[in-house]
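Just so you know, residue 1 is the first one in the sequence shown, and it goes up from there. Side chains included, hydrogens not; waters and symmetry mates left out as well; all remaining heavy atoms used. None of these values were measured; they are calculated from a predicted model.
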Amino acid sequence: MPISEVQLNAFRAQWMSELKPSSGATGTSDRLLRAKSLKKTQEMVREEKATELFLRAVQEEQDGAVYEAIKFYRMAMQLVPDIEFKINYSRPSDTDRGGGNYMEDDDVDGEIEDLLSYFEQQLTLESSYPKICIPELDMTRTHISALPQEILMYIFRWVVSSDLDMRALEQLSLVCRGFYICARDPEIWHLACVRVWGRNCTKVVPFKSWREMFLRRPRVRFDGVYISKTSYIRQGEESLDGFYRAWHHVEYYRYLRFFPDGHVIMLTTPEDPLAVIPLLRTKNIRMDSALLGHFRLSQETDNQTKVFAVVCKKKEEKASEFQRNRFCRRNPPPEAEHSFHVGLHLTSGGRQSFSKLVWIHHSCHITYKLTGETVVTAFDLDGMYTPFVFARVKSYTAFSDQPL
């Protein structure tokens, strides 16, 4: 049961008044009173915390979770050894039970409405000079809690990294209450939103926070690959004796790998994902069939988010190919640049958010350098264009090259 706001304000006012200098015997008596008052307040807070833990243990034991009950019993008795004899076990009737009762409070189930404010309040109550975290055991070396908060936030930015690994940030928030507070820092989530939606992302509305915007606003994901698998049956040539005709089962994959800086890799190959996915970790891919380019997000008036990308082969690869073949051709073909324009509709599939990309456009643009003419060929989106489905790859965010 937390200290009421009135009691907390009264304690702060008394503490500030007692800080004024005094002399003689009056000063000695004031110091004794201050020490007694501080000790009494600490004992009261410790007893209230032990009461909460003990009642939690009782509830766990009644539910059959004996192991959890023992853990909470031990924590309560470490704070107040005789807490068992100081608890009032009488429970109010169902009509009198309110949100202040520990056993009926939503805090027990981890459904606190504002967990961030709750943790900040708990840290303030436990110490006059709250730290980000407190070591569980006695240590001879310097604990991470000794670092200034600015340095801790810089470490957190390295955890997120330039790859926007917000999943690692959420896992880091599970370490302790202090890390949870740091992981909810609005500046980190604002920087992540700017990396995704650009510098025009200056207003958090209609969302409540930058974190909520990052989690709920449609966007492509960077911690994995979008994969599209296509298979069909193709008729082969007739045998020489005309006795049979072969049928071939053709299967190939399309891969899309997005990067936070706006780059994208598109690859079409029959290779299995286990062999291709490790090669797509960085933009410096060494595959002749890989197409590199840029992408952008577009949110239409109908509240649909679309992804548009323009990809082409590396220019140095084209030059090297021309150097290899220039002695073999008397009349080389006119120089032209090939680029592919892709349009996709971003949706959510299954439990994962923003995990599906549906084809809406695919065309090839050929621009001749001599004349400047551009020829556009649009492809029919038939059954060969299966949707992309996202697959998370842990190795993509295993290392941090740059901080957020």
inquiry  = Could you go through Ile188 and Leu169, starting from their C-alpha distance and side-chain angles, then the distance that decides it, and tell me whether this counts as side-chain contact (heavy atoms from CB on, under 4.5 Å)?
reply    = CA-CA 10 Å; Ile188 290 182; Leu169 183 66; 3.9 Å; yes
Nearest heavy-atom contact between Thr305 and Leu297 is CG2-CD2, 4.4 Å
d(Leu279 CG, Tyr255 OH) to nearest 0.5 Å is 10.0 Å
Min side-chain heavy-atom separation Pro148-Ile151 under 4.5 Å: yes
- Test log, rule side-chain hydrogen bond (donor to acceptor under 3.5 Å, both in side chains), inputs His345 and Thr347: CA-CA 6 Å; His345 177 215; Thr347 61; 5.5 Å; no
Worksheet item: Heavy atoms, side chains only, cut-off 4.5 Å: are Met153 and Arg157 in contact?
Response: no
Rounded to the nearest 0.5 Å, the CZ atom of Phe354 sits from the CG atom of Leu215 at a distance of 8.0 Å
message: Could you walk me through whether Phe72 and Gln59 satisfy the side-chain contact (heavy atoms from CB on, under 4.5 Å) test, starting with their C-alpha distance in whole Å, then the side-chain angles of each, then the deciding distance to 0.1 Å, before giving a yes or no?
response: CA-CA 10 Å; Phe72 287 113; Gln59 182 65 27; over 6 Å; no
Exercise. Compare all side-chain heavy atoms of Lys49 with those of Glu52 and state whether any distance is below 4.5 angstrom.
Key: yes
Check whether the ring centres of Tyr385 and His362 lie less than 6.0 Å apart, and answer yes or no.
-> yes
**Q.** Donor-acceptor side-chain pairing of Tyr368 and Glu337 below 3.5 angstrom
**A.** no
- Just by distance, do the side chain of Trp189 and the backbone of Ala183 share a donor-acceptor pair under 3.5 Å? yes
Original post:
So, is the end of the Arg184 side chain (NZ or CZ) under 6.0 Å from the ring centre of Tyr180 and within 45° of the ring's axis?
Top reply: yes
Residues Arg221, Asp223: salt bridge by 4.0 Å N-O rule
yes
In short, Cys201 meets Cys193 closest at the heavy-atom pair SG-CB, 3.9 Å
### Task
Assess whether atom NZ of Lys229 is packed by more than 12 heavy atoms of other residues, nucleotides or ligands within 6.0 Å.
no
Phe214 ring centre to Arg219 NZ or CZ under 6.0 Å, with the angle to the axis within 45°?
yes
Closest non-hydrogen atoms of Pro260 and Ser162, given as atom of the first, atom of the second and distance, are CG-O, 3.4 Å
Phe156 side chain reached by Asp185 side chain, heavy atoms, under 4.5 Å: no
Exercise. Given the side-chain rings of Phe295 and Phe258, with only the six-membered ring counted for Trp, is the space between their centroids under 6.0 Å?
Worked result: yes
- Query: Considering residues, nucleotides and ligands other than Met77, do more than 12 of their heavy atoms fall under 6.0 Å from its CE?
  - Reply: no
- With side chains defined as the heavy atoms from C-beta onward, is the minimum distance between Thr386 and Trp359 less than 4.5 Å? no
Q | Pair Thr367, Thr374: side-chain N/O donor-acceptor within cut-off below 3.5 Å | A | yes
(message) Would you say the ring centers of His341 and His361 fall short of 6.0 Å from each other?
(response) no
Open item on the list: Does any part of the side chain of Thr230, heavy atoms only, come nearer than 4.5 Å to the side chain of Arg254, both counted from C-beta?
Closed with: yes
Between Leu256 and the options Leu267, Leu357, Val307, Ile227, the side chain to side chain contact (heavy atoms under 4.5 Å, CB included) test singles out Leu357
Going through the checks in order, is the side-chain contact (heavy atoms from CB on, under 4.5 Å) test met by Leu346 and Lys306?
CA-CA 6 Å; Leu346 180 61; Lys306 299 178 181 178; over 6 Å; no
Checklist entry - Between the side chain of Ser355 and the main-chain N/O of Val389, is any donor-acceptor distance below 3.5 Å? => result no
Paired with Tyr226, the ring-ring contact (aromatic ring centres under 6.0 Å, His included) test is passed by just one of Phe390, Tyr253, Phe388, namely Phe390
Query raised in the report: If you count the non-hydrogen atoms of other residues, nucleotides and ligands that lie under 6.0 Å from CG in Asp380, is the total more than 12?
Result: no
- request: Would you check, one step at a time, whether the test side-chain contact (heavy atoms from CB on, under 4.5 Å) holds for Ile285 with Leu292?
  value: CA-CA 9 Å; Ile285 183 172; Leu292 307 180; 4.0 Å; yes
Exercise for review: Please answer whether the main-chain N or O of Pro186 pairs with a side-chain N or O of Arg211 as donor and acceptor at a distance below 3.5 Å.
Suggested key: no
Worksheet item: Going by heavy atoms in the side chains, are Lys356 and Ser348 under 4.5 Å from each other?
Response: no
Got a donor-acceptor contact below 3.5 angstrom from the Glu212 side chain to the Lys208 backbone?
-> yes
Does Gln402 offer a backbone N or O that forms a donor-acceptor pair with the side chain of Ser161 under 3.5 Å? no
Polar side-chain atom of Arg257 near backbone of Leu280 as donor-acceptor pair, under 3.5 Å
yes
- Query: Heavy-atom count around Arg392 CZ within 6.0 Å, excluding the residue itself: above 12?
  - Reply: yes
Using the benzene-type ring in the case of Trp, are the ring centres of His365 and His338 under 6.0 Å apart?
-> no
- Message: Tell me whether Asp261 contacts the main-chain N or O of His263 through its side chain, where contact means a donor paired with an acceptor under 3.5 Å.
- Response: yes
Decide yes or no for Glu187 and Trp210: does some side-chain heavy atom of the first lie under 4.5 Å from some side-chain heavy atom of the second? no
- Task: Determine whether the aromatic ring centres of Phe259 and Phe222 lie less than 6.0 Å apart.
- Result: no
Item to check | Electrostatic pair Arg56:Glu60 at N-O distance under 4.0 angstrom | outcome: yes
Between Met266 and Val311 the two heavy atoms that sit nearest each other are SD-CG2, 4.2 Å
